[in-house]
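Computed over heavy atoms, backbone and side chain alike; hydrogens, waters and symmetry mates excluded. Lettering of chains follows the sequences in order, A, B, ..., and the numbering in each one begins at 1.
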Amino acid sequence: MSVRVRYAPSPTGLQHIGGVRTALFNYFFARAAGGSFILRIEDTDRERYSDESLDDLYRTLDWLGLSWDEGPQVGGEYGPYVQSQRFELYREHAHRLVEAGRAYPCYCSSERLEEVRRKQKEEKSSIFGYDRHCRDLTPEQRAEYEDQGIKPVIRFKVPMEGETSFEDVLLDKVKRKNRDISPDPVILKSDGFPTYHLANVVDDHLMKISHILRAQEWISSGPLHVLLYEAFGWDPPVYCHLPMVMGKDGQKLSKRHGSTSVRDFRLQGYLPEAIINYVSLLGWSYDDSREFFRKEELEKVFSLEKLNKAPAVFDYKKLDWFNGNYIRELDDDVLQKQIRPYLIEAGFLSDPPTPEQEELISEIIPLIKERLSRLAEVPELVRFLFQDPAEYDAQLLVPKKTDPAKTMEMLRAVRGLIQNFSENSDEELEDEFRNLAEQLEVKLGQLLMPLRVSITGSKVSPPLFGAMRILGEQEVTKRIDRGIGYLERLAETNK
RNA sequence: GUCUCCUUCGUCUAGUGGUUAGGACACCGGGUUUUCAUCCCGGCAACAGGGGUUCGACUCCCCUAGGAGAUGCCA
């Protein structure tokens, strides 16, 4: 049996990291098995549907480098792959079940349904859900409702006796008494669109899907789906319910935990390599040591056997760590291209950048490459190169274990040392500063700190000599002079 | 409430009856270094609890507890 799996998102919001994990696992499973990966758009909820969501879906898959063998845009033997274009199909299938006595029209208003639920809650009833009010309506009663012009929904008749089970690759057998299954769920809405339950069963069967890899939040509708397959006289596919992705508090991952949409991650400067690598390790592992995987490797090495059952907590810090690693592996010119938009957005570069500006970024790259965990951090790291940090706490200039007077002496000496510094290499500069430090009887770090603060306005910065070279002697001198000025004032007030 | 699933360091995990319970992130210490970062070295830290089964249980079974998910004309 050839492997055919699908990712079937509904375009009702931005692509979520949990959804992407499901997409990835389906994709890798298909590739590793030499099977087909199918994309299907489940746009049956016309209330929540949005074009923007659909665009985001395509953009996300494109960004991650996931391609599908069948689906929208590429077509395939079992299309169309957009459920709204299969409208008639679901209606036919729903009515087939009605004719077979396995489903029935229901005329209950949503108000009544709400009231039923409210009462159940109030009475702490052991039965929850639809009360099967319309299950056994007589033809006369139906005709009456029809005459009132009520558009019915179609509900599936869930057996009241017996039990239904399915085999899960991960969980083994999952059993459920039929009376515990959602009582007669809607399969066709009053607008004629199918609900998820009907649509996914019909489509998975018609599209010859062999395995269903989906999140564990779907476990409880598994038996219902099996019942639907039975009612149609079809064999269900193989199920595999993937562990869920949680937030730090153990609840389903959501916005309040931080970013959850792939778009957010992209905007913050996470690389697709890092997202793919990290997310693949949520609920799956290869062995006891290896943890770096590129997409191409996962396409070979992924297997259902290494899946974990327990839910995984999404760890933003570990993602950062992965991302930093992948950023450092980028070629300089690629990284340059990647950080460009962030610098433009910060207003540091024109759009598009001038050749001079491009030259400038290329000089910046080596200074910041190993200091990044997200690309969006770039502007803050290099702000001092584009904006003169005039305002900073003068106290920062004074290194530990010394005083303003001594610091002033150091900075003045440094000022004398930097004439034509650009002609010297970092090594030569360092030697000179080292000698000076020795003369002044301070450590190199102490000598450099006032210079660093004068130039960057901060005690933390990229390597100084490189930064100074970018700023040029004139600018550097100007900032040193201001530093000296600050120190003079500081020394005054300290007297 | 009911049903279903889950349970190894704070987090991601390795482990399939006999291990000093391994790795990674985070954290803490140390080293390299012009600060930071990178890099290197070291440390802290786990089998939810209770019963069985067994010569022997993290591994198998049962119970309890805890967590999560579902319970929609959303997927």
Side-chain angles (χ1 to χ4, degrees), chain A residues 8-10 12-13 19 42-45 47-48 106 108 110 113-114 117 120-121 123-130 151-155 168 170-171 174-177 179-183 185-191 193-197 199-200 215-223 241 243-244 246 248 250-252 278 281-292 306 308-322 324 328 368-373 381 399 426 429-430 433-434 437 443-449 451-453 456 458-465:
Chain A
S10 71
T12 53
E42 307 222 326
D43 57 347
T44 55
D45 183 346
E47 302 262 309
R48 296 195 302 151
C106 164
C108 295
S110 44
L113 262 21
E114 239 168 76
R117 263 189 293 266
Q120 285 168 340
K121 207 165 189 181
E123 293 166 5
K124 292 184 177 161
S125 161
S126 60
I127 310 146
F128 270 72
Y130 183 52
K151 284 230 165 212
V153 299
I154 305 292
R155 286 183 182 273
D168 188 283
L170 235 200
L171 275 19
V174 178
K175 270 192 284 198
R176 212 167 176 202
K177 293 192 177 60
R179 78 168 108 93
D180 292 326
I181 294 176
S182 173
V186 172
I187 56 173
L188 200 71
K189 309 176 209 176
S190 54
D191 62 3
F193 276 87
T195 60
Y196 170 79
H197 303 299
N200 107 77
Q216 281 182 3
E217 56 187 323
W218 293 109
I219 290 180
S220 47
S221 40
H241 287 91
M244 308 226 303
M246 313 300 234
K248 217 170 177 51
Q251 309 272 109
K252 225 167 139 178
Y278 176 65
L281 261 17
L282 252 26
W284 181 85
S285 63
Y286 180 69
D287 61 14
D288 62 345
S289 53
R290 185 168 173 201
E291 60 183 350
F292 279 100
K306 305 296 288 183
N308 212 90
K309 288 184 188 181
V313 174
F314 192 91
D315 184 351
Y316 290 85
K317 285 191 172 168
K318 189 149 189 180
L319 207 214
D320 280 353
W321 176 76
F322 269 111
R328 270 169 254 135
I368 58 170
K369 197 171 187 178
E370 53 193 30
R371 266 158 267 260
L372 285 176
S373 59
L381 272 181
D426 281 4
L429 276 174
E430 192 173 322
F433 274 88
R434 229 174 255 288
K443 287 186 179 162
L444 181 58
Q446 287 178 299
L447 180 62
L448 255 19
M449 190 48 79
L451 176 60
R452 180 184 315 282
V453 174
T456 70
S458 165
K459 292 174 87 166
V460 176
S461 82
L464 259 190
F465 301 146

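The distance from the CG atom of A/Leu381 to the OG1 atom of A/Thr456 is 11.0 Å, given to the nearest 0.5 Å.
B/U16 is unpaired under the criterion used here, namely a Watson-Crick or G-U wobble arrangement in which both key atom distances are under 3.5 Å. B/U2 and B/A70 make up a base pair, with Watson-Crick or G-U wobble contacts both under 3.5 Å. If you check B/G42 for Watson-Crick or wobble pairing at under 3.5 angstrom, you find it paired to B/C28. In this structure B/C36 sits in no base pair that meets the Watson-Crick or G-U test at under 3.5 Å. With both pairing distances under 3.5 Å, B/A48 is matched to B/U64 as a Watson-Crick or G-U wobble pair.
Note on A/Lys459: a base of the nucleic acid sits closer than 4.0 angstrom, heavy atoms only. Looking at heavy-atom distances under 4.0 Å, A/Gly324 makes no contact with the nucleic acid at all. A/Leu282 comes within 4.0 angstrom of sugar-phosphate atoms only, judged by non-hydrogen atoms across all strands, and of no base. Residue contacts for A/Lys175: at a heavy-atom cut-off of 4.0 Å it reaches the sugar-phosphate backbone alone, with no base atom in range. Here A/Arg290 lies out of heavy-atom contact (under 4.0 Å) with every strand. Across all strands shown, A/Asp288 has heavy atoms under 4.0 Å from base atoms, whether or not it also approaches the sugar-phosphate.
Smallest separation of non-hydrogen atoms from A/Pro462 and A/Arg452: O-NH1, 3.7 Å. Of all non-hydrogen atoms in A/Pro243 and A/Ala310, the two that sit nearest each other are CB-O, 3.2 Å. Closest non-hydrogen pair, A/Asn308 versus A/Leu170, comes out as O-CD1, 3.6 Å. Summarising the geometry of A/Arg176 relative to A/Ser220, their closest heavy-atom pair is NH1-O, 2.7 Å, with the distance given to 0.1 Å. Looking at every heavy atom in both residues, A/Arg155 comes nearest to A/Pro183 through NH1-O, 4.4 Å. Contact detail for A/Gln216 and A/Lys309: the closest heavy-atom pair is NE2-O, 3.2 Å.
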| task | Indicate for each nucleotide in nucleotides 27-34 of chain B, in 5' to 3' sequence, whether protein heavy atoms under 4.0 Å reach the base (B), only the sugar-phosphate (S), or nothing (-). | result | -------B
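What separates CG of A/Leu319 from P of B/A26 is a distance of 12 Å, to the nearest Å. Between the CH2 atom of A/Trp284 and the C1' atom of B/A14 there is a distance of 13 Å, given to the nearest Å. B/C36 atom C1' lies 13 Å from atom CZ of A/Arg328, rounded to whole Å. The CG atom of A/Asn308 sits 7 Å away from the C1' atom of B/U13 (whole-angstrom rounding). Straight-line distance from the CG atom of A/Asp287 to the P atom of B/G23: 13 Å, rounded to whole Å. Across the protein-nucleic acid pair, A/Asp320 atom CG and B/A24 atom C1' stand 15 Å apart, rounded to whole Å. Spacing between atom CG of A/Asp315 and atom P of B/C12 amounts to 8 Å, rounded to whole angstrom units. Rounding to whole angstrom units, OH of residue A/Tyr278 and P of B/C12 are separated by 8 Å.
Both A/Ala312 and A/Ile219 lie near RNA chain B, and the one whose nearest nucleotide falls closer to the 5' end is A/Ile219. Along RNA chain B, the nucleotide nearest to A/Phe314 and the one nearest to A/Leu171 differ in position, and the one closer to the 5' end is contacted by A/Leu171.
Ring orientation note: the planes of A/Tyr286 and A/Trp284 are tilted relative to one another, at an angle of 30° to 60°. Using bins of under 30°, 30° to 60° and over 60° for the plane-to-plane angle, the ring pair A/Phe322/A/Tyr278 lands in the tilted bin.
Nucleotides B/C61 and B/U53 are separated by 7 Å at their C1' atoms, to the nearest Å. Comparing B/C47 with B/U54, their P atoms sit 26 Å apart, to the nearest whole Å. Rounded to the nearest Å, the gap between the P atom of B/U71 and that of B/G51 is 39 Å. The gap from the P atom of B/G43 to that of B/C55 amounts to 39 Å, rounded to the nearest Å. Spacing between B/C12 and B/A48 at atom P, rounded to whole Å, works out to 14 Å. Look at the C1' atom in both B/C58 and B/A26: the space between them is 24 Å, to the nearest Å. Taking the P atom of each, B/U20 and B/G1 are spaced 45 Å apart, rounded to whole Å. Annotation: B/G29 and B/U13 have their P atoms spaced 29 Å apart (nearest Å).
Residue A/Arg290 places its CZ atom among more than 12 non-hydrogen atoms of other residues, nucleotides or ligands, all under 6.0 Å distant. Annotation: A/Glu47, atom CD; neighbour count of heavy atoms from other residues, nucleotides and ligands within 6.0 Å does not exceed 12.
For A/Lys306, a side-chain nitrogen or oxygen approaches OP1 or OP2 of B/G15 to under 4.0 Å. Proximity of A/Ser285 to the phosphate of B/A14: a side-chain N or O atom is located under 4.0 Å from OP1 or OP2.
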What protein N or O atoms touch nucleotides 70-75 of chain B N or O atoms at under 3.5 angstrom, if any, and at what distances?
residue: B/A70; atom: OP1; partner: A/Lys252; partner atom: NZ; Å: 3.2
residue: B/A70; atom: O4'; partner: A/Ser220; partner atom: OG; Å: 3.2
residue: B/A70; atom: O2'; partner: A/Ser220; partner atom: OG; Å: 2.9
residue: B/C73; atom: O2; partner: A/Ser190; partner atom: N; Å: 2.8
residue: B/C73; atom: O2; partner: A/Ser190; partner atom: OG; Å: 2.8
residue: B/C73; atom: N3; partner: A/Ser190; partner atom: OG; Å: 3.0
residue: B/C73; atom: N4; partner: A/Cys108; partner atom: O; Å: 3.4
residue: B/C74; atom: OP2; partner: A/Lys189; partner atom: NZ; Å: 2.8
residue: B/C74; atom: O2'; partner: A/Asp45; partner atom: OD2; Å: 2.9
residue: B/C74; atom: O2'; partner: A/Arg48; partner atom: NH2; Å: 2.6
residue: B/C74; atom: O2; partner: A/Arg48; partner atom: NH2; Å: 3.2
residue: B/A75; atom: OP1; partner: A/Thr44; partner atom: OG1; Å: 3.0
residue: B/A75; atom: OP1; partner: A/Lys189; partner atom: NZ; Å: 2.6
residue: B/A75; atom: OP2; partner: A/Tyr196; partner atom: N; Å: 3.1
residue: B/A75; atom: O3'; partner: A/Glu42; partner atom: OE1; Å: 2.8
residue: B/A75; atom: O2'; partner: A/Ser10; partner atom: OG; Å: 3.4

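Counting heavy atoms from C-beta on, the side chains of A/Tyr196 and A/Thr44 never come closer than 4.5 Å.
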